There are 2 protein chains.
Amino acid sequence: MQKRILVVEDESSIRDMVAFALRKADMEPMLAADAREAQLAVAATVPDLILLDWMLPGMSGLELARRLRKETLTAEVPIIMLTARGEEMDRVNGLEAGVDDYVVKPFSTRELIARIKAVLRRSHGDDGSGVIELGGLKIDGPAHRVHAGADTIAIGPTEYRLLHFFMTHAERVYSRAQLLDHVWGGSVYVEERTVDVHIRRLRQTLQPWRLDGLIQTVRGAGYRFSASA
Amino acid sequence: MQKRILVVEDESSIRDMVAFALRKADMEPMLAADAREAQLAVAATVPDLILLDWMLPGMSGLELARRLRKETLTAEVPIIMLTARGEEMDRVNGLEAGVDDYVVKPFSTRELIARIKAVLRRSHGDDGSGVIELGGLKIDGPAHRVHAGADTIAIGPTEYRLLHFFMTHAERVYSRAQLLDHVWGGSVYVEERTVDVHIRRLRQTLQPWRLDGLIQTVRGAGYRFSASA
DNA sequence: GATGGTTGTCACGCAACCGTAACCAAAACC
DNA sequence: GGTTTTGGTTACGGTTGCGTGACAACCATC
């Protein structure tokens with residue numbers, strides 16, 4: 001199925017270049033020059049991924065990312081930010097806003113496409129219905145349910161959000177700080193070790209189905225959900 | 001290792017400017033004023049990257065790009081095109097001809113060098129997705145994993161950081177002090193000989209896959225990661 | 001206001017990991 | 001051939017990071 005990519009970029013030459021590269025890679029570009037246009041576009045059709053320039057007229061890309069994350073429609077849509085050299089130090093802020101990846105300008109179109117595909121692959125298993133199945137575990141977004149084979153797994157709210165984040169971002173390591181930002185929402189302050197405890201609880205609820213191995217510890221780095229080994 | 005960049009540009013002032021910038025960035029310029037000179041130069045020495053002006057006397061840069069793509073010698077060499085403003089609509093044809101990137105005139109030398117480096121990085125196993133493959137070893141940054149073929153290699157935190165640094169800076173010798181700086185982070189003080197021990201440990205973890213030879217000792221200078229022999 | 005469930009924090013313990021020193025092997029130098 | 005320098009290898013004490021169990025605070029429901 002063709003993926004729809006929303007490109008929010010005020011510089012027309014970059015926008016056109018990206019649009020062409022997307023078409024060539026069999027993806028459908030949606031173009032917007034500023035935050036307002038972006039919001040209109042999103043209201044019309046929800047894209048599969050959003051490509052967001054860091055600097056935009058009116059509202060910064062970061063601010064727009066925050067708002068999109070709060071909207072129900074776009075909360076789950078992955079975001080890739082385009083940053084110029086020297087804006088890199090702000091990655092920290094971006095990760096707090098729930099940005100999935102960064103591409104530093106100047107970039108080659110191949111590099112950009114590779115990143116987009118990587119992010120889409122990560123949120124893969126999601127066929128658009130909101131149901132994801134990975135490693136014998138099935139999470140049903142709309143129904144807010146978790147299944148292992150025929151069984152339904154009883155799971156608490158935080159555990160559910162954590163698991164959902166992991167399954168939409170599989171095969172990638174996230175630090176405690178990143179998990180707090182993505183799952184708890186950057187605004188509240190909680191101890192980093194709290195993540196450990198919830199990881200433990202999640203593993204414990206998955207244990208009866210021998211699925212606790214899906215959540216792996218990467219010493220010194222964080223945690224990873226992985227269906228392989 | 002010095003990279004050879006073939007510059008095909010009929011305007012001598014631009015050619016000289018680019019040549020100067022390349023030398024400053026530790027790259028070796030090869031100069032050509034038209035398509036014929038370019039083909040002769042390529043026949044003599046295959047460059048690592050080709051910088052091609054859109055407008056050339058005799059044959060258009062685009063046409064030359066197409067021909068170079070068909071030659072076995074140059075089929076894999078990345079191409080960056082230089083286009084004047086207003087020629088932008090033709091990007092479409094360029095991308096179809098297998099051009100890797102564009103730089104629009106007028107450009108700053110800094111931007112040009114940045115683009116060149118980005119494209120070279122990609123042609124060196126780094127496609128921008130954070131996964132690098134060199135000498136039968138694959139390191140996956142986002143997943144924080146190391147692979148040899150189908151196997152996943154278990155590796156400790158410091159070993160991982162060391163390997164990651166080596167693979168992003170292959171074919172170059174680094175002293176113990178430099179490695180401490182880059183891998184440990186300049187702030188903490190540790191003995192230089194500590195590096196030896198971690199090199200040893202890294203070699204040991206790679207040994208079962210006969211990949212320990214990738215890390216070479218350069219007596220009196222330091223260590224080097226090399227995929228070639 | 002009692003009950004059951006959920007959440008964040010802490011303290012403890014264990015295993016993995018790290019840095020250092022000491023010793024051994026191999027070059028390089030004279 | 002002997003000495004010096006450089007790197008390889010090993011063993012070990014100390015530290016750190018993570019898993020775990022316990023617990024108080026909170027919330028909703030009855």
Side-chain angles (χ1 to χ4, degrees), chain A residues 144-146 152-166 173-208 211-226, chain B residues 144-146 152-166 173-208 211-226:
Chain A
H144 223 265
R145 277 219 175 97
V146 181
T152 300
I153 302 180
I155 193 169
T158 309
E159 281 173 62
Y160 176 84
R161 288 204 313 278
L162 185 59
L163 181 62
H164 186 259
F165 176 78
F166 269 134
V173 173
Y174 289 92
S175 69
R176 285 161 237 271
Q178 289 175 318
L179 289 172
L180 283 177
D181 289 335
H182 280 107
V183 177
W184 274 256
S187 50
V188 288
Y189 179 75
V190 269
E191 286 294 320
E192 291 208 338
R193 290 301 306 278
T194 300
V195 175
D196 295 34
V197 179
H198 281 273
I199 291 280
R200 173 177 175 290
R201 286 171 181 159
L202 183 50
R203 278 176 176 156
Q204 206 168 334
T205 58
L206 296 178
Q207 213 275 319
L211 293 172
D212 49 314
L214 289 172
I215 296 156
Q216 298 156 4
T217 307
V218 181
R219 197 166 230 272
Y223 296 95
R224 170 182 54 209
F225 185 98
S226 173
Chain B
H144 218 273
R145 266 191 165 143
V146 181
T152 300
I153 302 181
I155 192 169
T158 309
E159 280 172 64
Y160 177 86
R161 289 204 312 279
L162 185 59
L163 180 62
H164 187 264
F165 176 79
F166 270 134
V173 178
Y174 289 92
S175 70
R176 285 160 238 270
Q178 287 174 312
L179 289 172
L180 282 178
D181 254 19
H182 285 111
V183 177
W184 274 255
S187 50
V188 288
Y189 179 76
V190 272
E191 288 293 323
E192 291 208 339
R193 290 302 306 278
T194 301
V195 174
D196 295 34
V197 178
H198 280 275
I199 291 280
R200 154 93 173 57
R201 286 172 180 158
L202 184 50
R203 279 176 176 155
Q204 197 167 286
T205 57
L206 297 179
Q207 212 274 320
L211 293 171
D212 49 314
L214 289 170
I215 296 156
Q216 297 156 4
T217 307
V218 181
R219 209 182 165 79
Y223 298 94
R224 169 181 54 206
F225 184 99
S226 174

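We name chains A, B, ... by the order of the sequence lines, and we start the count at 1 in each one. What you see below is based on every heavy atom in this structure, not just the backbone, and it leaves out hydrogens, waters and symmetry mates. As the structure is a prediction and not an experimental result, all values here were calculated from the model.
- The aromatic rings of A:His198 and A:Trp184 stand perpendicular to each other, their planes meeting at an angle above 60°, with 30° marking the opposite boundary.
- Classified by interplanar angle (parallel below 30°, tilted 30° to 60°, perpendicular above 60°), the ring pair B:Tyr160/B:His144 is parallel.
- Nearest heavy-atom pair across A:Tyr174 and A:Gln178 is CA-OE1, 3.4 Å.
- Nearest nucleotide to the B:Arg201 side chain, out of C:dT9, D:dC12, C:dT6: D:dC12.
- Regarding A:Asp196, its CG atom lies at a distance of 10 Å from the C1' atom of D:dT20, rounded to whole Å.
- Atom CG of A:Leu179 is separated from atom P of D:dC18 by 12 Å (rounded to the nearest Å).
- Spacing between atom CD of A:Glu192 and atom C1' of D:dG19 amounts to 17 Å, rounded to whole angstrom units.
- Remark: B:Arg176 is in phosphate contact with D:dG7, judged by side-chain N or O atoms under 4.0 Å from OP1 or OP2.
- When the nucleotides C:dC18, D:dG7, D:dC18 are ranked by their closest atom to the side chain of B:Thr158, C:dC18 comes out on top.
- Note on residues 156-166 of chain A: no pairs pass salt bridge (Lys or Arg N to Asp or Glu O under 4.0 Å), not counting sequence neighbours.
- Helix-axis bend for the helix from C:dG1-D:dC30 to C:dC30-D:dG1: the local axis fitted to the five terminal pairs at one end deviates from that at the other end by 30°, rounded to 10°.
- The base of D:dG7 does not come close enough to the side chain of B:Arg203 for any donor and acceptor atom to sit less than 3.5 Å apart.
- When the side chain to side chain contact (heavy atoms under 4.5 Å, CB included) test is applied to A:Leu214, the partners found at least two apart in sequence or on another chain are A:Leu137, A:Leu211, A:Phe225.
- For the pair A:Phe166 and A:Val183, the minimum side-chain heavy-atom distance is 4.5 Å or more.
- When the side-chain nitrogen and oxygen atoms of B:Thr217 are compared with OP1 and OP2 of D:dT6, none of them lie within a distance under 4.0 Å.
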Could you write nucleotides 21-30 of chain C as a row of B, S and -, 5' to 3', where a protein heavy atom under 4.0 Å of any base atom gives B, of only sugar-phosphate atoms gives S, and otherwise -? B----BBS--

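- A search for side chain to side chain donor-acceptor pair (under 3.5 Å) contacts involving A:Arg193 returns A:Asp196, not counting sequence neighbours.
- Under 4.0 angstrom from either OP1 or OP2 of D:dG19 there lies at least one side-chain N or O belonging to A:Tyr223.
- For the pair A:Trp184 and C:dG8, the criterion of a side-chain N or O lying under 4.0 Å from OP1 or OP2 is met.
- Across the protein-nucleic acid pair, B:Glu159 atom CD and C:dA16 atom C1' stand 12 Å apart, rounded to whole Å.
- Considering only side-chain N and O atoms, B:Tyr160 lies nowhere under 4.0 angstrom from the phosphate OP1 or OP2 of C:dC17.
- Rounded to a whole Å, the OH atom of A:Tyr189 is 8 Å from the P atom of C:dT9.
- Taking atom NE2 of residue B:His198 and atom P of nucleotide D:dG7, one finds them 17 Å apart after rounding to whole Å.
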Only pairs under 3.5 Å count here: list side-chain donor-acceptor contacts from residues 217-224 of chain B, not counting sequence neighbours, and write none if there are none.
from, atom 1, to, atom 2, distance (Å)
B:Thr217, OG1, B:Arg203, NH2, 2.7
B:Tyr223, OH, B:Arg176, NH1, 3.4
B:Arg224, NE, B:Gln216, OE1, 3.1
B:Arg224, NH2, B:Gln216, OE1, 3.3

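- Inspection of the A:Thr158 and A:Arg201 side chains reveals no N or O donor paired with an N or O acceptor under 3.5 Å.
- Only one option out of A:Asp212, A:Leu163, A:Val197 pairs with A:Leu202 in a side-chain contact (heavy atoms from CB on, under 4.5 Å); it is A:Leu163.
- Rounded to an integer number of Å, the gap from B:Ile199 CD1 to D:dG7 P is 11 Å.
- Remark: C1' of C:dG19 and CG of B:Leu180 are 11 Å apart, rounded to the nearest angstrom.
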